[in-house]
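Notes for the one structure printed next.
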Amino acid sequence: MKILLSSLLLLALLVSVSAFIHKRKKEGVKGWKTALTSICFYAISVLNLVAYWLDGLGIFSWGLTIVLLILAAYFTRYLPVASQSTA
């Protein structure tokens, strides 16, 4: 069961990263600051996968997850503003 869940998470992570990169290229978004929120969320995914493989890690993995969530929330200030169309 552990291998199946890990494989599914890795597959979903790879598909998500490739879709993210493709979407950024399609929209012409440049720079790394606009990707920091997504990078933090991908790091959370990898961190929790490693913690799952190593049977926990306890307070260390929880603490890093919370720090990464706070950083992801902070870096939303660099996300590009979506243009609103008038209806």
Side-chain angles (χ1 to χ4, degrees):
M1 189 66 165
K2 196 174 203 178
I3 294 173
L4 177 66
L5 289 174
S6 298
S7 300
L8 286 174
L9 180 62
L10 283 174
L11 179 66
L13 187 63
L14 289 174
V15 169
S16 176
V17 168
S18 65
F20 174 69
I21 292 171
H22 178 70
K23 186 176 179 182
R24 283 178 57 89
K25 284 184 181 180
K26 182 180 174 185
E27 293 180 6
V29 178
K30 302 287 183 191
W32 58 276
K33 283 186 178 182
T34 57
L36 285 173
T37 298
S38 297
I39 290 170
C40 286
F41 283 125
Y42 291 135
I44 289 170
S45 174
V46 170
L47 171 71
N48 286 320
L49 182 62
V50 169
Y52 182 62
W53 285 338
L54 299 177
D55 294 326
L57 289 184
I59 195 74
F60 180 72
S61 72
W62 277 92
L64 274 176
T65 299
I66 290 174
V67 167
L68 286 169
L69 278 172
I70 291 169
L71 284 173
Y74 176 75
F75 291 136
T76 57
R77 69 187 333 202
Y78 299 117
L79 290 176
V81 178
S83 61
Q84 292 192 356
S85 61
T86 56

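The figures here come from the full heavy-atom set of this structure, side chains too, leaving out hydrogens, waters and symmetry mates.
The other members of the hydrophobic cluster of I66, by chain and number, are I70 (side-chain heavy atoms under 4.5 Å, ILVMFWY only).
How far OH of Y74 is from OG1 of T37: 11.0 Å, rounded to the nearest 0.5 Å.
The list of salt bridge (charged side-chain N to carboxylate O under 4.0 Å, His left out) pairs with a residue in residues 58-76, not counting sequence neighbours, is empty. Pairs engaging residues 34-51 under the salt bridge (charged side-chain N to carboxylate O under 4.0 Å, His left out) rule: none recorded [sequence neighbours left out]. Residue pairs meeting the salt bridge (charged side-chain N to carboxylate O under 4.0 Å, His left out) criterion with at least one partner in residues 37-54, sequence neighbours excluded, do not occur; the list is empty.
Residues meeting the side-chain contact (heavy atoms from CB on, under 4.5 Å) test with V67, sequence neighbours left out: L71. Under the side chain to side chain donor-acceptor pair (under 3.5 Å) criterion, Y78 pairs with no residue at all, not counting sequence neighbours. A search for side-chain contact (heavy atoms from CB on, under 4.5 Å) contacts involving S6 returns L49, Y52, W53, not counting sequence neighbours. Looking at residues two or more places apart in sequence or on another chain, you find a side-chain contact (heavy atoms from CB on, under 4.5 Å) between S7 and I3. Taking the salt bridge (Lys or Arg N to Asp or Glu O under 4.0 Å) definition, one finds that K2 meets it with D55, sequence neighbours left out. Residues meeting the side-chain contact (heavy atoms from CB on, under 4.5 Å) test with L64, sequence neighbours left out: L47, F60.
Counted within 6.0 Å of CG on L4, heavy atoms from surrounding residues, nucleotides or ligands total more than 12; the atom is thus considered enclosed.
Contact check for L9 versus L5: no side-chain heavy atoms found under the 4.5 Å cut-off. Looking at F41 and L69, their side chains come closer than 4.5 Å, going by heavy atoms from C-beta outward.
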Side chains of residues 13-22: which donor-acceptor partners sit under 3.5 Å, not counting sequence neighbours?
| from | atom 1 | to | atom 2 | distance (Å) |
| --- | --- | --- | --- | --- |
| S16 | OG | Y42 | OH | 2.8 |
| S18 | OG | L14 | O | 3.2 |
| S18 | OG | V15 | O | 2.9 |

Sequence neighbours excluded and cut-off under 3.5 Å, please list the side-chain donor-acceptor pairs for residues 27-36, or say none.
| from | atom 1 | to | atom 2 | distance (Å) |
| --- | --- | --- | --- | --- |
| T34 | OG1 | R24 | NH1 | 2.7 |
| T34 | OG1 | R24 | NH2 | 3.2 |
| T34 | OG1 | G31 | O | 3.4 |

